[in-house]
Number of protein chains: 2
Amino acid sequence: MKVKSIENPSQEDLLNILSEGLSSEAIITIFAHCRVHYDGRAKSELGNGDRVIIIKPDGSFLIHQREKREPVNWQPPGSRVSFQVEEDRVRIISVRRKPRETLEVELLKVYLASYLQAEDSEELTLMGSEAEMRDYIFENPEVIEEGFKVLFKEKPIKHGIVDLLGRDKDGNLVVLELKRRRADLHAVSQLKRYVEDLKEEHGNVRGILVAPSLTSGAKKLLEKEGLEFRRVKPPKREKAQRGKQKTLDSF
Amino acid sequence: MKVKSIENPSQEDLLNILSEGLSSEAIITIFAHCRVHYDGRAKSELGNGDRVIIIKPDGSFLIHQREKREPVNWQPPGSRVSFQVEEDRVRIISVRRKPRETLEVELLKVYLASYLQAEDSEELTLMGSEAEMRDYIFENPEVIEEGFKVLFKEKPIKHGIVDLLGRDKDGNLVVLELKRRRADLHAVSQLKRYVEDLKEEHGNVRGILVAPSLTSGAKKLLEKEGLEFRRVKPPKREKAQRGKQKTLDSF
DNA sequence: CGTGCCAGGTGCCAT
DNA sequence: ATGGCACTTGGCACG
């Protein structure tokens, strides 16, 4: 019996679903008219309305309204769930420590209470991430320019971590900042920070923003700062393997 | 009849729930053993497992595994749902245009099919955001320093938009970059970009990072760049009202 | 743990 | 639509 569900449950029914669901590490889903209070890093109030509530066995807690991809309120994994029973209503409370955050759902009317003892050992395989773009350029440095050689991947420098660090055919140090999508002002600032950092210890340093495209503002700032752009799209192929720290001595 | 649910539904039952749910603008929730394919900005595959699927009337589509706050796969609001019926299984397809993205869920076994015709007119009221911090400082500029006056809120400059722009008691232009939480390298880079921008047209410009705290790296970079820090925590009080563009002529 | 940074980020609001 | 940026960002990998 993987699943259990009760429409318009009595208070006893509801409490059964909750305790069985929690103790059996199931995913609990409740349709309810409710009100929500949150206090922690921020603070929020949500008045009465119909929502979908999900409680996962890892402590994740989601409250969804009828619109948007994002939950209106939530609690991250690791939070602890408990419930209080009052005269005519049940209150579900989720507490997170460090930072201390509490989420309180006042259930005014429950339309459906259910849980699923989910078995799932599969993990997502994702193609087209920046990590894959990095590996791709690492293996095919010529897509940046002829004679380009990679020295480091994910190299920590004074203020931050550089995606790729290499040398051009003239021996200049080259910093690459990769973006899997259209690069914006933030990306240019990031690249500029790395270039300025490295210029302090090494002579000339080139900075290249590598992305499928640029926003108008990014282009303006990039040109003003004497930085460069190479158009590269993230490859959508199966990730080969964990390409860890690659170090080629000093530089 | 706000809610409908069927445990271990027949294919006909399932199709009824889906079409009734979609046409009545309900939130549809399905517990199922399934497999998922996604292709769009990136590409992903997810093997067989038990998941919770949510389809919202605005086109939002969520697939949740038993862990994490984030859906393993999803589709944003505005996507269009349809379904294909095969011999022994149903396939739910969600398509987004611009960018073109498709999400396909192959339902191998459905444990529970349900929907809720949710009525909800309430919106979240949130306290402690950066916007509130901005309004707070706008109204109480002395929390930055004695004699500080605000000139602009959300002021667009050459490369970006400054949170707050003002003048100190000596007449120097002052840029404030606000963070509702511990400020990091990114915040410092952002502030530096604004300060450099304004220095080109105006004489001396001070940059102050306003946040509850700083990361170690942010502190180092901030000091090296001659920028300043003021410790301010975001206020958790009810938002007063929409404080729009505040312009005090030129500066 | 804190620091740094990506994300199929999402959402909001501006031009 | 594009742009610039915040978010209770979440999640991960590394020191």
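In the text below, chain A, chain B and the rest are named by the order of the sequence lines, each starting its count at 1.
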Distance check needed: [N] [atom2] versus [X] [atom1], whole Å only.
X      : N      : atom1 : atom2 : answer
A/I161 : D/dG15 : CD1   : C1'   : 9 Å
B/L209 : D/dA6  : CG    : P     : 11 Å
B/E123 : C/dC12 : CD    : C1'   : 12 Å
B/M127 : D/dT8  : CE    : P     : 12 Å
A/D135 : C/dC6  : CG    : P     : 15 Å
A/R69  : C/dG8  : CZ    : C1'   : 9 Å
B/E67  : D/dC12 : CD    : C1'   : 15 Å
B/E70  : C/dC6  : CD    : C1'   : 13 Å

Open item on the list: Are there over 12 heavy-atom neighbours, none belonging to B/K219, within less than 6.0 Å of that residue's NZ?
Closed with: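 At most 12 heavy atoms, drawn from other residues, nucleotides or ligands, come within 6.0 Å of this atom.
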Task: Whether over 12 other heavy atoms sit under 6.0 Å from A/K224 NZ - done: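 Above 12, so yes.
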Open item on the list: At a heavy-atom distance below 4.0 Å, what parts of residues 179-189 of chain A sit against DNA chain D?
Closed with: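 Output list: A/R182, A/L185.
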Of the non-hydrogen atoms in [X] and [Y], which two are nearest, and what is the gap between them?
X      : Y      : result
B/Q75  : A/R69  : O-CG, 4.3 Å
A/R180 : A/M133 : CA-SD, 3.9 Å
B/L209 : B/A183 : CD2-CB, 3.6 Å

Open item on the list: Just to verify, which of B/H186, B/R193, B/H159 counts as forming a side-chain hydrogen bond (donor to acceptor under 3.5 Å, both in side chains) with A/S189?
Closed with: B/R193
Whether [X] contacts [N] is assessed here as follows: a side-chain N or O lying under 4.0 Å from the phosphate OP1 or OP2. Is that the case?
X      : N      : result
B/R96  : C/dT10 : no
B/Y194 : D/dG4  : no
B/K219 : C/dT3  : no
A/K98  : C/dG2  : yes
B/W74  : C/dG9  : no
A/Q190 : C/dG4  : no
B/Q75  : C/dG8  : no

- [ ] Map A/R193 and B/L103 onto DNA chain C by nearest heavy atom, then report which one ends up closer to the 5' terminus.
- [x] A/R193
- [ ] Specify the residues of residues 32-64 of chain B, ordered by number, for which at least one heavy atom lies under 4.0 angstrom from an atom of DNA chain C.
- [x]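 Listed by number, they are B/Y38, B/R41, B/A42.
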Task: A/E106 versus A/H37, side-chain donor and acceptor atoms under 3.5 Å - done: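 Yes, A/E106 and A/H37 have a side-chain donor paired with an acceptor closer than 3.5 Å.
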Open item on the list: Assuming nearest nucleotide by heavy-atom distance, tell me which of A/S216 and B/E177 is located more 5' along DNA chain D.
Closed with: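 Whichever sits nearer the 5' end wins; that is A/S216.
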Task: Side-chain-base donor-acceptor pair under 3.5 Å for B/E101 and C/dG8 - done: yes
Open item on the list: Please report the distance separating the P of C/dG11 from the corresponding atom of D/dG11, rounded so that it comes out in whole Å.
Closed with: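 That atom pair is separated by 16 Å.
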Open item on the list: What I want to find out is whether A/E122 reaches B/R35 closely enough, with some N-O distance under 4.0 Å, to be called a salt bridge.
Closed with: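 Salt bridge: no.
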